[in-house]
Enquirer: 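The structure follows.
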Amino acid sequence: MEAALIGKYGQPEFQWMKTCHLYKRFCAQAGGGVACAIAASVNMVGVALISAFNLFRLYGNSNGGGKATTTTMAGGK
């Protein structure tokens, strides 16, 4: 956050220019990159939640079985 504020407003003590005025379209492209990164992170959390829900739905029953069935080796009835 500090680096973004220095890039936006400059640092008068060190005679740093505002980065937004030094490089054309820098702030818009950097903002777009940050927005895409946040959107990707939110989507990844959503995918992880769906995956965890499906995993615990299949294997999380208290009886220990879920959808799995048990068979005997002797082939008895």
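Nothing here was measured: the structure is a model prediction, and the numbers come from that model. If you read the sequence from its start, that first residue is 1, and numbering goes on from there.
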Enquirer: N43: which residues meet the side chain to side chain contact (heavy atoms under 4.5 Å, CB included) condition with it, sequence neighbours left out?
Expert: none

Enquirer: Give the other cluster members for L49, using side-chain heavy-atom distances under 4.5 Å between Ile, Leu, Val, Met, Phe, Trp and Tyr residues; answer none if it is isolated.
Expert: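 L49 clusters with V45.
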
Enquirer: So, S41 side chain and A37 main chain: donor-acceptor pair closer than 3.5 Å or not?
Expert: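 Between the backbone of A37 and the side chain of S41 there is a qualifying donor-acceptor contact (under 3.5 Å).
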
